Amino acid sequence: DAGVTQSPTHLIKTRGQHVTLRCSPISGHKSVSWYQQVLGQGPQFIFQYYEKEERGRGNFPDRFSARQFPNYSSELNVNALLLGDSALYLCASSLDSLNYGYTFGSGTRLTVV
Amino acid sequence: AQTVTQSQPEMSVQEAETVTLSCTYDTSESDYYLFWYKQPPSRQMILVIRQEAYKQQNATENRFSVNFQKAAKSFSLKISDSQLGDAAMYFCAYWKGGGADGLTFGKGTHLIIQP
């Protein structure tokens, strides 16, 4: 079975641009969560979606948004990119809204120049 | 807000030896969950072990075990018979439960295995 799939694996954007990151959960998993991991730090919670609804949001500005589609895949969107948005963005899926069954993807490395 | 502190930025251990990674946390909750995740260079976070706060017995998964001290808010990870494949970043994480909150991670400990 395929694990959590994230695309793209790497990308470079310019300050002020917009970016969309994509995540496909494990088959049967209905919950997707997004984390930002800045170099040298632990991951920080951005969003959780369950059954296409936002169930949780971390302390991130409104430039960050996400959505979940009927097939449970998800997109993370970041507007007006700042240099500080450079990070590894991790997606995690779980069967339901409970977090203790997380499976993480390998992430998208975003560099803002 | 909950905080998780890992005071050891880097640890080194000889292959086949035992190493303990430290983690402390701060919370006002009585029921919660604690985790240790491993992040190798492949970047994928891999769950190593999980502990429910209401369980007094320390969790064990093969060569990995924890020492959970609820009153002291301490949650250390012991790796026995260290192997080269154990080399990675290790993150301690806290979840208060309930589904709407994400995990709170520490800054991580870089574990080096000396052959």
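The model shown is predicted, which means the values in this text are computed figures rather than measured ones. Every chain is numbered from 1, with letters handed out A, B, ... down the list of sequences.
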*How many angstroms lie between CD in A/Q48 and CG in B/L103, if you round to the nearest 0.5 Å?*
9.5 Å

*chain B heavy atoms under 4.5 Å from A/Q37: which part of the residue, side chain, backbone, both or neither?*
side chain

*Determine the minimum heavy-atom distance between B/M45 and A/L90, stating which atoms define it.*
CG-CD1, 3.9 Å

*asked:* Would you say that more than 12 heavy atoms from the other residues, nucleotides or ligands in this model lie under 6.0 Å from the CG of A/N71, or not?
replied: yes

_Let's test your reading of the structure: which of B/R43, B/Q39, B/Q44, B/Q6 forms the most heavy-atom pairs below 4.5 Å with chain A?_
B/R43

*Inspect the surroundings of NZ in B/K107 and state if more than 12 heavy atoms from other residues, nucleotides or ligands are less than 6.0 Å away.*
no

_With a 3.5 Å distance limit and no angle check, can you tell me whether A/Y102 reaches the backbone of B/L47 through a side-chain donor-acceptor pair?_
no

*Ring centroid separation for B/F105 and A/F45, is it under 6.0 angstrom?*
no

*Between A/T103, A/I46, A/T9, which residue shows the highest count of heavy-atom pairs closer than 4.5 Å to chain B?*
A/T9

*What do you reckon, is CD of B/E10 surrounded by more than 12 foreign heavy atoms closer than 6.0 Å?*
yes

*Flag if over 12 foreign heavy atoms under 6.0 Å of NZ, B/K70*: yes

_More than 12 heavy atoms of other residues, nucleotides or ligands under 6.0 Å from CZ of A/R15: yes or no?_
no

*Considering residues, nucleotides and ligands other than A/L83, do more than 12 of their heavy atoms fall under 6.0 Å from its CG?*
yes

